[in-house]
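What follows is a set of notes on a single structure, which appears directly below.
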There are 2 protein chains.
Amino acid sequence: MTNIKDIALHCGVAISTVSRVLNDHPDVSQDTREKVLRAVKELHYIPNTSARNLVRTSSDTIALLVKGVNNPFFARLIKVIGREIAQRGYSLELHHMDTSEDELRIGAQLTNERKLIGILFLGGRFNYSPEEMALIHVPSVFCTYTNTFGNLNPSAYSSVAIDDKQAAQDAVDALVALGHRKIAILTDNKDDRSISELRFQGYKDALAMHGIPFEPNLVACTGTFSDMRAIYEATSRLIERDSSFTAIFAIADLMAIAAIKALSDHGKRVPEDCSVVAIDGLELSSYTLPTLTTLVQPAEEMGLLCAKTIIELIEHPGQNRQYTFETVLRPGGSVCRLNG
Amino acid sequence: MTNIKDIALHCGVAISTVSRVLNDHPDVSQDTREKVLRAVKELHYIPNTSARNLVRTSSDTIALLVKGVNNPFFARLIKVIGREIAQRGYSLELHHMDTSEDELRIGAQLTNERKLIGILFLGGRFNYSPEEMALIHVPSVFCTYTNTFGNLNPSAYSSVAIDDKQAAQDAVDALVALGHRKIAILTDNKDDRSISELRFQGYKDALAMHGIPFEPNLVACTGTFSDMRAIYEATSRLIERDSSFTAIFAIADLMAIAAIKALSDHGKRVPEDCSVVAIDGLELSSYTLPTLTTLVQPAEEMGLLCAKTIIELIEHPGQNRQYTFETVLRPGGSVCRLNG
DNA sequence: AACGATACTGGAAACGTTTCCGGAACTTGC
DNA sequence: GCAAGTTCCGGAAACGTTTCCAGTATCGTT
């Protein structure tokens, strides 16, 4: 493996000069610059990242901490994030986390051990305390987190998200506009300080706004975003417990798909007997039978902004910022007017 | 940031002793070992990976090169791979590639620049030449590649895959057993030296085995594994061109789902008017309407084996090896007996 | 009592960079 | 033709580890 010293020897210059050339420092003549560059080619020199990181006390890799890499919405984000990060010359370290793991603690450990220069969080909670946030010493962006950070000052974090509460309200509004008043909700959890809680809150707010009483009986918790079986079973229990509802609001597309299957298996047709609305806007959801009515999150734009934001924060440390995207309703075949 | 020197000072021992403790070397007394360990805790010492990598002239990160991170089958693999790699103390660098990119060349570049210690390839071609393979100087595992590496000696590569040809044959066999003889195929490409080609080959072999003539007219190419719209359109064109078929074999679950939608939009009911069989076995496919009949790839086991294999190859360089998994048919509602 | 073996420890070089500091050579302005 | 500034370059320290080598103390054997 040829190193910087070999280049220096080969060119008859000092090591420091080679380093200057390699790092585009100004103080080097055109002649020597070319000479060094030529040697670099000839000797197939490849810089040693470890050595560079050691003296710079930093690296070029950004961590991506994902709660559930198999979540298809995240998959879309990861794709664009990966592409942008690579194109800008950084690299991505992927860490899958289970829901029970503490993302902030893991992030802190990772950055210390591995000199990561930034963290992208996908999924997780939102009510971090200032003390918890203080664990993280590098720029970070919370993606798909809501902007409603309970205890935190906006200057304390950066985020890219949709307005989860609003999206949930929009979903319920759409159902109410079709005449539905007995609307069940299919959610991950009610009070886990994640987007689930916010969407649940949006659901309740929308009901209240329309003068519809909230019925705890119509709440089905799946405990998961992606385990279809668990979602199917939660929906089944809901149906068996109280099948008076005429519509379901599912907080994610996959949940809606499993719910439709459960409804069907219980003899309820969608949308004739029960309408279904979800949030996500996966491409897949336009190709199921029936197609899904869903609030579309602009995944590609969001992912790109995540990447751009973390890089900006790394290259020009400055103000934290929060971005909120609008969701738009994509009509599908899973809803219809009540008694219509 | 406290370092190994601080620990040494604090304990009144030499740096080398601390290093020995940290690396579980035998030559150190119980007393000093405990003393050092205590100091490590107290001072919140965290080893510097760059420095360690520098002297060891290697890193601890394995690259994961994925053709299409948004492929849901890959997502399942990535999840278990990520978990295993992390648990074994390594870390994962993720690289998304588009189909047009040359995975081997990118892998070679990456390993040189960044001292990666291994590469996991997900997706891609299979007919690498010995010259191309020679670009890669670190242990690597080709996952989801078929084992049928055209030009390569088995000692030249490691792989974890299903028998793609066999799975395709099984799919067709299942349809034939139900009385179908006009069987269309929905594939990515026919001759791109990827799994698509193998599954296509398996399809043709099965037809031949049953004495069914191969009809080029019944081949629909999507050019993609995951773009639902393109798949839908390819299927639509197939139907409009020649709707004499009574069954479709789709080489991936997502393709089958889009195809069912296209069939439905053209007034063909599944399975009454057309049966559909696919390969993948996504959990999702058991929750669509109708549910999918599909050959299940054991994704979690395959992912785990990928991780274990690459680690084994790294820790104990040795023989390359190829693993083949069996697929099993998961019956669903997307097929029925012809005229039954 | 002397010796070799054993158990443990310290010193120092090495890994491949970056960067600070000082100095040589060359230019400019008078 | 000389001081002052500019441009370019080399030397060397530093980053935080690992590991080799040599050394001391302790112990058991004879």
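Throughout, protein chains are lettered first and strands after them, A, B, ... in sequence-line order, and every chain is numbered starting at 1. Here the structure is a predicted model, which means the values were calculated and not measured.
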Which residues share a ring pair (Phe, Tyr, Trp, His ring centres under 6.0 Å) with A:Phe74, sequence neighbours left out: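 None.
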Roughly, in whole Å, what's the span from [atom1] in [X] to [atom2] in [N]?
| X | N | atom1 | atom2 | value |
| --- | --- | --- | --- | --- |
| B:Asp31 | D:dA25 | CG | C1' | 15 Å |
| A:Arg56 | C:dC20 | CZ | C1' | 16 Å |
| A:Leu54 | C:dT17 | CG | P | 12 Å |
| A:Arg52 | C:dC15 | CZ | C1' | 15 Å |
| A:Lys5 | D:dA12 | NZ | P | 13 Å |
| B:Ile4 | C:dA14 | CD1 | C1' | 15 Å |
| A:Asn48 | D:dG16 | CG | C1' | 14 Å |

Could you tell me whether B:Ile7 contacts a base, only the sugar-phosphate backbone, or nothing, with contacts defined as non-hydrogen atoms closer than 4.0 Å?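 Result for B:Ile7 = nothing.
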I'd like a table of atom pairs between the protein and nucleotides 9-11 of chain C - only N or O on both sides, under 3.5 Å - with the distance next to each one.
unit_1 : atom_1 : unit_2  : atom_2 : d
C:dT9  : OP1    : B:Ser29 : OG     : 3.2
C:dT9  : OP1    : B:Thr32 : OG1    : 3.1
C:dT9  : OP2    : B:Ser29 : N      : 3.0
C:dT9  : OP2    : B:Thr32 : OG1    : 3.1
C:dG10 : OP2    : B:Ala14 : N      : 2.7
C:dG10 : OP2    : B:Thr17 : OG1    : 2.8
C:dG10 : N7     : B:Ser16 : OG     : 3.2
C:dG10 : N7     : B:Arg20 : NH2    : 3.0
C:dG10 : O6     : B:Arg20 : NH1    : 3.3
C:dG11 : O6     : B:Ser16 : OG     : 3.3

A:Ala75 backbone acceptor or donor facing B:Asn70 side chain under 3.5 Å: no
Show your working on side chain to side chain contact (heavy atoms under 4.5 Å, CB included) between B:Lys79 and B:Arg76 and close with a plain yes or no. CA-CA 5 Å; B:Lys79 181 171 171 179; B:Arg76 293 168 69 194; 5.8 Å; no
How are the rings of A:Tyr157 and A:Phe142 set to each other: parallel, tilted or perpendicular (split at 30° and 60°)?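 Rings of A:Tyr157 and A:Phe142: perpendicular, over 60°.
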Would you tell me if any nitrogen or oxygen in the side chain of B:Asn53 comes within less than 4.0 Å of OP1 or OP2 on D:dT17? no
Determine: side-chain N/O of A:Asn3 to OP1/OP2 of C:dG16, distance under 4.0 Å, yes or no.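 Affirmative; the distance criterion is met.
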Given B:Asn320, which partner from the list B:Ser158, B:Ser159, B:Ser140 fulfils the side-chain hydrogen bond (donor to acceptor under 3.5 Å, both in side chains) test? B:Ser158
Return the CG to OG1 distance between B:Asn48 and B:Thr2, rounded to the nearest 0.5 Å.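 One finds 11.0 Å between CG of B:Asn48 and OG1 of B:Thr2.
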